[in-house]
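Only one structure is covered here, and it is reproduced in the block below.
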Amino acid sequence: MKKAKIYTILSIETSCDESALSVVQMSGNASNFTFKVLSNVVVSQIEIHQEYGGVFPAIAKREHEKALPILLEKVLKESKIKKPDFIAVTYGPGLEPALWVGINFARAYADIWQVPLVPVNHMEGHLLSSYISNTENRKIELNKNLKINRIKFPILSLLVSGGHTELVVAKKIGLYKKIGQTLDDAVGEAFDKVARMIGLPYPGGPEIAKLAQNHHPLPPPQQGRGGIQEIHFPRPMMHSKNYNFSYSGLKTSVLYTIRDLKIKNPKILEDKNSNEIKSQIAHEFQNSAIEVLVHKTMRAIMEYKIKTLLVGGGVANNKYLQNELTKSCKKHNENIILHFPQKDFSTDNSLMIALAGYFNFLKNKKGVDLNKIKADGNLSL
Ligand code: KG4
Ligand code: ZN
């Protein structure tokens with residue numbers, strides 16, 4: 001039997017505040033393939049943006065420009081390759097000034113090396129990111145075929161990050177239908193903003209999740225004892241007939257609750273008992289944000305007769321979300337396949353760009369005209 005050709009891919013991701021480059025080798029087709037990482041580097045700008053409580057496009061652009069040449073040298077050296085068979089680069093969605101840095105860099109090298117350039121939708125990367133996992137420890141192992149997880153179509157993808165909250169149905173790889181999305185803030189963005197309101201650093205998701213664990217609500221008959229009143233936030237759009245989400249009302253509700261608490265005690269978020277109230281806010285906010293996600297995901301699973309649920313994006317790291325989805329899927333149907341991405345695949349990374357890029361490359365093995373590729377900040381699946 002003829003051996004399948006192995007393609008070496010250089011992938012580049014610069015859509016937000018992570019500069020990421022990898023060299024990956026893949027072979028086979030979408031239903032039977034191998035994935036081996038030769039080198040994978042990520043430089044996060046989080047500490048630089050932390051001061052501002054969010055990501056600043058001009059600063060992100062400058063930092064990507066500084067990082068890419070150094071990272072390229074590193075991955076070429078580590079992977080011991082002279083040049084890849086093709087380059088995959090994120091062209092949207094994201095911050096356009098940041099996306100352009102990756103695109104221009106990729107374009108220059110595609111020209112120098114005379115190899116195809118494949119533009120990749122960042123969200124397709126997140127969608128596919130739990131298709132692959134590591135076999136043993138949780139860190140990505142180099143020079144070893146990684147585990148390809150079992151999937152069955154149709155797939156439902158729940159994409160939850162700092163910029164997106166979407167439900168997408170996939171009949172096969174490359175054939176996507178977005179069935180719902182947030183009408184305002186993304187769920188990760190709401191975590192970040194609520195974290196800021198209670199004095200936690202950016203990114204706020206992991207901080208809120210940690211704090212929420214410290215709160216153990218009293219059962220209803222005991223509530224109100226010792227002056228502790230359980231806080232309640234709404235579950236926005238939970239029972240709306242569509243698959244859309246809204247997180248800005250929930251965020252405002254947290255803001256008003258804090259304002260009312262401060263009227264009673266201006267130092268409530270600073271004094272010695274402040275951790276208790278902060279934990280309570282974090283706990284109820286997380287419950288509310290996640291409950292809506294789980295409820296709508298489960299409804300979509302039933303309506304579209306979904307066989308596999310793939311979760312992607314930074315918020316996929318949230319343990320409460322993972323537990324609730326696992327429980328609900330089991331309850332609904334034992335046979336539903338459910339995958340969450342491993343840490344290295346969940347936050348922004350270039351491994352998922354190599355993966356999505358490979359399936360796109362297979363369509364014509366040519367890539368695109370170097371003069372036609374453009375950043376698209378609002379690109380959609
Ligand atoms: O996918 P990602 O790395 O970047 C993009 O937004 O594309 O996602 C980052 C988001 C941030 O909003 C961060 O607060 C959130 O994911 N996040 C979490 C958790 N870990 C990261 N949100 C809730 N719980 C977590 N454990
Ligand atoms: Zn992302």
Side-chain angles (χ1 to χ4, degrees), residues 11-20 42-46 49-50 52-55 57 60 64 89-96 98-99 102 120-130 157-166 168 181-182 185-198 200-213 245 247 250-251 282-283 285-294 310-325 340-353 355-356 377-381:
S11 58
I12 304 172
E13 157 63 41
T14 63
S15 67
C16 191
D17 57 354
E18 251 104 34
S19 318
V42 186
V43 173
S44 173
Q45 307 171 359
I46 279 188
H49 297 287
Q50 242 159 10
Y52 308 95
V55 181
H64 286 310
V89 66
T90 305
Y91 76 110
L95 305 167
E96 286 194 3
L99 289 162
V120 177
N121 182 326
H122 180 84
M123 298 315 289
E124 186 177 15
H126 276 308
L127 191 153
L128 296 170
S129 63
S130 59
S157 170
L158 171 66
L159 297 171
V160 276
S161 71
H164 294 266
T165 309
E166 296 177 0
V168 178
Q181 64 186 327
T182 181
D185 291 355
V187 60
E189 190 181 353
F191 269 89
D192 294 336
K193 287 179 177 166
V194 168
R196 204 171 173 194
M197 289 180 211
I198 54 177
L200 299 172
Y202 171 87
E207 303 283 335
I208 295 265
K210 234 190 287 161
L211 204 56
Q213 279 181 340
F245 303 93
Y247 282 102
L250 174 57
K251 175 192 70 189
H283 183 270
F285 164 75
Q286 177 172 266
N287 274 3
S288 163
I290 302 292
E291 209 176 306
V292 184
L293 286 179
V294 174
L310 300 181
V311 189
V315 185
N317 277 310
N318 187 282
K319 286 281 169 306
Y320 184 64
L321 173 67
Q322 295 188 356
N323 292 340
E324 290 300 300
L325 278 177
F340 297 96
Q342 280 185 273
K343 190 116 183 43
D344 289 318
F345 279 97
S346 69
T347 46
D348 287 348
N349 67 86
S350 48
L351 295 171
M352 67 183 194
I353 303 305
L355 181 63
N378 296 317
L379 183 68
S380 174
L381 268 178

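In what follows, every heavy atom counts, from backbone to side chain, and hydrogens, waters and symmetry copies are set aside. First listed ligand is number 1; within each ligand, the first listed atom is number 1. Sequential numbering from 1 along the given sequence is applied to the chain's residues.
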**Side chain, backbone, both or neither: K319 near ligand 1, heavy atoms under 4.0 Å** = neither
**Prompt:** Can you list the atoms of ligand 1 that are under 4.0 Å from a heavy atom of G163?
**Reply:** 6 (O)
**Request:** Find the distance between CG (D344) and CE (M352) and round it off to the nearest 0.5 Å.
**Result:** 12.0 Å
**Request:** Report, in ascending order of atom number, the atoms of ligand 1 lying under 4.0 Å from any heavy atom of T347.
**Result:** 3 (O)
**Ring geometry between Y247 and F245 (parallel below 30°, tilted from 30 to 60°, perpendicular above 60°)** = parallel
**Item:** Nitrogen or oxygen of A209 less than 3.5 angstrom from that of ligand 1
**Value:** no
**Asked** Should E18 be counted as touching ligand 1, given the test is an N or O pair under 3.5 Å?
**Response** no
**Asked** Between S15 and T90, what is the shortest heavy-atom contact and its length?
**Response** CB-CG2, 4.0 Å
**Heteroatom N/O/S of H164 within less than 2.8 Å of the Zn ion (ligand 2)** = no
**Request:** Just to the nearest 10 degrees, tell me the angle at the Zn ion (ligand 2) spanned by D348 OD1 and H126 NE2.
**Result:** 90°
**Message:** Considering both backbone and side-chain atoms of G205, is one of its nitrogen or oxygen atoms within less than 3.5 Å of a nitrogen or oxygen in ligand 1?
**Reply:** yes
**Prompt:** Do the side chain of E207 and the main chain of Y202 share a donor and acceptor less than 3.5 angstrom apart?
**Reply:** no
**Message:** So is H126 touching ligand 1 or not, going by heavy atoms under 4.0 Å?
**Reply:** yes
**Message:** Please list the nearest protein heavy atom to atom 15 (C) of ligand 1 with its residue and the distance rounded to 0.1 Å.
**Reply:** V315 CG2, 3.9 Å
**Prompt:** What do you reckon, does P206 put a non-hydrogen atom under 4.0 Å from ligand 1?
**Reply:** yes
**Request:** Output yes when a side-chain donor or acceptor of H64 lies under 3.5 Å from a complementary backbone atom of T14, and no otherwise.
**Result:** yes
**Request:** Consider every N or O of G314 and every N or O of ligand 1, then say whether any pair is closer than 3.5 Å.
**Result:** yes
**Asked** Within the distance-only criterion (no hydrogens, no angle test), does the side chain of T165 pair as donor or acceptor with the backbone N or O of V187 below 3.5 angstrom?
**Response** yes
**Asked** Looking only at heavy atoms, what is the nearest atom pair of N318 and L321, with distance?
**Response** OD1-N, 3.0 Å
**Request:** Report the part of D192 (side chain from C-beta onward, or backbone N, CA, C, O) that has a heavy atom under 4.0 Å from ligand 1; answer both or neither where that applies.
**Result:** side chain
**Request:** Please answer whether the main-chain N or O of P203 pairs with a side-chain N or O of D192 as donor and acceptor at a distance below 3.5 Å.
**Result:** no
**Item:** Backbone of S350 reached by a side-chain donor or acceptor of S11 within 3.5 Å
**Value:** yes
**Message:** Under 4.0 Å from a heavy atom of G188: which atoms of ligand 1 are those, numbered in the order shown and with their elements?
**Reply:** 12 (O)
**Closest to atom 9 (C) of ligand 1 (judged by heavy-atom distance), picking from G162, A289, A195, G125** = G162
**Item:** Shortest non-hydrogen contact from C16 toward Q45
**Value:** O-OE1, 4.4 Å
**Message:** Looking only at distances, can you tell me whether any N or O atom of N318, backbone or side chain, sits closer than 3.5 Å to an N or O atom of ligand 1?
**Reply:** yes
